[in-house]
2 protein chains.
Amino acid sequence: MEKSQKKYRIGVEVTLDVIGGKWKSIILYHLVGGTKRFNELKRLTPNISHKMLAQQLKELEHDGVVLRHDYVEVPPKVEYELSEYGQELIGVLDFFCYWGEAHLDRVYGDKRLMLEGEFLDDQEAQKEAD
Amino acid sequence: MEKSQKKYRIGVEVTLDVIGGKWKSIILYHLVGGTKRFNELKRLTPNISHKMLAQQLKELEHDGVVLRHDYVEVPPKVEYELSEYGQELIGVLDFFCYWGEAHLDRVYGDKRLMLEGEFLDDQEAQKEAD
DNA sequence: CTGCATCCCCGATGATACTG
DNA sequence: CAGTATCATCGGGGATGCAG
């Protein structure tokens, strides 16, 4: 089924297709902070594969929420930013961030958020524990 | 990895775990309209399997955004509703609905939303087209 | 540096059947 | 009516390699 042919029953479904999934909201959230290059986004989003980042950005661009600027030069330089239209989502992304932190507080009593360095180490630790 | 042990880097990830995925936001959206019984939700969410609905509701309950009321009787009667805490999400769900419809307008020029009857038929038509 | 194709695996999901 | 368990499948997504 072509995505352009896909039908929906309620708007909620549509929005989920655009900003849902494992990575899109995280990518968009980083773009709220301003224009970013491909590898910059990759660094900001630990554990995302090169393939997935490229794929998700392509979909976000296709959906018009992200703009892609290709400085045609060697080595390649490409920048991504929120489109004017995509900026309508900033409010939601901020709310997600705020609500998510509050949720951890309510459920676990701590924020359970990690610094960059901790996180990478933690990934290893969790593999050990398997 | 136990979910209770999972670590996050930004609140956005947390919120996605709670209301993201293929079904949760849709289920929550229906609950905005008021308390619903299990089969009622199943009817409101075409194509969801019995198993998935049960599973997603269980997770939503565990995360504290949905309350489960079991009228201990035969035949069983169980109702679900948004918790006070879950009601903080109503604003976002409404925005999703609004933004999603607007998105279809902007991208395709029509709403591409279907009535209940149409939708079921359409599912068949799309299978044919494969 | 960025993008695309290929291979492959695992986990999410659906179908089905059974219980209270 | 609501919930659980089992099994089979399908596709998302990771790893890798190559191209511009």
Side-chain angles (χ1 to χ4, degrees), chain A residues 1-3 6 13 16-27 30-31 35-63 66-81 120 123-124 126-127 130, chain B residues 1-3 6 13 16-27 30-31 35-63 66-81 120 123-124 126-127 130:
Chain A
M1 164 186 350
E2 279 215 4
K3 191 163 188 176
K6 187 168 180 181
E13 295 177 85
L16 283 178
D17 263 12
V18 177
I19 69 170
K22 194 174 178 181
W23 303 112
K24 286 181 180 174
S25 291
I26 299 176
I27 296 171
H30 289 313
L31 289 178
T35 297
K36 298 279 183 302
R37 294 186 59 172
F38 185 90
N39 269 349
E40 210 170 346
L41 283 173
K42 182 143 171 33
R43 257 179 286 111
L44 287 170
T45 315
N47 300 333
I48 195 173
S49 66
H50 181 102
K51 176 191 170 185
M52 285 313 293
L53 180 56
Q55 181 179 309
Q56 303 293 295
L57 282 171
K58 205 171 178 180
E59 292 180 19
L60 289 170
E61 187 198 356
H62 177 267
D63 282 325
V66 160
L67 297 177
R68 178 177 182 275
H69 300 288
D70 189 341
Y71 299 77
V72 187
E73 51 183 50
V74 179
K77 176 181 176 184
V78 180
E79 288 186 338
Y80 294 89
E81 67 171 333
L120 294 174
Q123 294 301 301
E124 297 307 311
Q126 285 174 357
K127 283 184 181 176
D130 291 343
Chain B
M1 166 190 346
E2 280 214 5
K3 190 162 190 176
K6 187 167 178 181
E13 294 177 87
L16 283 178
D17 262 11
V18 178
I19 69 170
K22 194 174 178 181
W23 303 112
K24 286 181 179 174
S25 290
I26 299 176
I27 296 169
H30 290 312
L31 289 177
T35 297
K36 298 278 184 301
R37 295 186 58 170
F38 185 91
N39 271 346
E40 209 170 347
L41 283 172
K42 182 141 168 37
R43 257 179 286 111
L44 288 170
T45 316
N47 301 332
I48 196 173
S49 66
H50 183 101
K51 175 190 170 186
M52 285 311 294
L53 180 56
Q55 182 180 309
Q56 302 293 297
L57 282 170
K58 205 170 178 180
E59 291 181 20
L60 289 170
E61 188 198 356
H62 177 266
D63 282 326
V66 161
L67 297 177
R68 179 177 181 275
H69 300 288
D70 190 340
Y71 299 76
V72 187
E73 53 182 50
V74 179
K77 176 179 174 182
V78 181
E79 289 186 336
Y80 294 90
E81 67 171 333
L120 295 174
Q123 295 301 302
E124 296 307 311
Q126 285 174 358
K127 283 184 180 175
D130 290 343

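Chain letters run A, B, ... following the sequence lines, proteins first, then strands; residues in each count from 1.
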Check: Whole-Å distance between D:dA2 P and B:I27 CD1?
Finding: 14 Å
Margin query: Run the side chain to side chain contact (heavy atoms under 4.5 Å, CB included) test against A:I48 and tell me which residues pass, sequence neighbours left out.
Written below: A:W23, A:I27, A:T45, A:M52, A:L53
Check: Using a cut-off of less than 4.0 Å, is there contact between a side-chain N or O of A:R37 and OP1 or OP2 of C:dT2?
Finding: yes
Next item on the list: Can you sort out the partners of B:E81 under side chain to side chain contact (heavy atoms under 4.5 Å, CB included), two or more places apart, ordered by chain and number?
Entry: B:T35, B:L67, B:H69
Notebook entry, point to check: Phosphate oxygens OP1/OP2 of C:dT2: is one of them under 4.0 Å from a side-chain N or O of A:R68?
Noted result: no
Notebook entry, point to check: What distance do A:D63 atom CG and A:D17 atom CG have between them, rounded to the nearest 0.5 Å?
Noted result: 8.0 Å
Next item on the list: Could you identify which residues of residues 48-58 of chain B place a heavy atom less than 4.0 Å from some atom of DNA chain C, listed by residue number, or say none?
Entry: B:S49, B:K51, B:M52
Check: Whole Å only: how far is the CG atom of B:D70 from the P atom of D:dT4?
Finding: 11 Å
Next item on the list: Indicate whether OP1 or OP2 belonging to D:dC1 is found under 4.0 Å from a side-chain N or O atom of B:Y80.
Entry: no
Next item on the list: Using atom CD of A:E73 as one end and atom P of C:dG3 as the other, report the distance to the nearest whole Å.
Entry: 13 Å
Check: Out of curiosity, B:R68 CZ to B:L60 CG, how far, rounded to the nearest 0.5 Å?
Finding: 13.0 Å
Next item on the list: Choose from D:dC1, D:dG14, C:dT2 the nucleotide whose nearest atom is closest to any side-chain atom of A:N39.
Entry: C:dT2
Next item on the list: Look up atom NZ in A:K42 and atom CZ in A:R37, then write down how far apart they are to the nearest 0.5 Å.
Entry: 15.0 Å
Item checked: Angle between terminal axes - the helix from C:dC1-D:dG20 to C:dG20-D:dC1, 5 pairs each end, rounded to 10° -> 40°
Next item on the list: Could you list the residues that satisfy side chain to side chain contact (heavy atoms under 4.5 Å, CB included) with A:K51, not counting sequence neighbours?
Entry: A:S49, A:Q55
Checklist line | Distance in angstrom units between B:L41 CG and D:dC1 P, rounded | finding: 14 Å
Note to self: Please check if the number of heavy atoms outside B:K77 that lie under 6.0 Å from its NZ is greater than 12.
What the structure shows: yes
Check: Can you tell me how far C1' of C:dT13 sits from NZ of B:K42, to the nearest Å?
Finding: 13 Å
Check: Nearest of D:dA2, C:dT13, C:dG3 to any side-chain atom of B:K22?
Finding: C:dT13
Checklist line | Spacing between B:E79 atom CD and D:dG3 atom P, to the nearest angstrom | finding: 12 Å
Next item on the list: State, yes or no, whether a side-chain contact exists between B:L44 and B:I26 at a heavy-atom distance under 4.5 Å.
Entry: no
Next item on the list: Specify the separation, in whole Å, of atom CD of A:E61 and atom C1' of C:dC4.
Entry: 15 Å
Next item on the list: Can you tell me the distance, in whole Å, between the OH atom of A:Y71 and the P atom of D:dG20?
Entry: 25 Å
Next item on the list: With sequence neighbours left out, write down each residue that passes ring pair (Phe, Tyr, Trp, His ring centres under 6.0 Å) with A:F38, or none if nothing qualifies.
Entry: A:H50
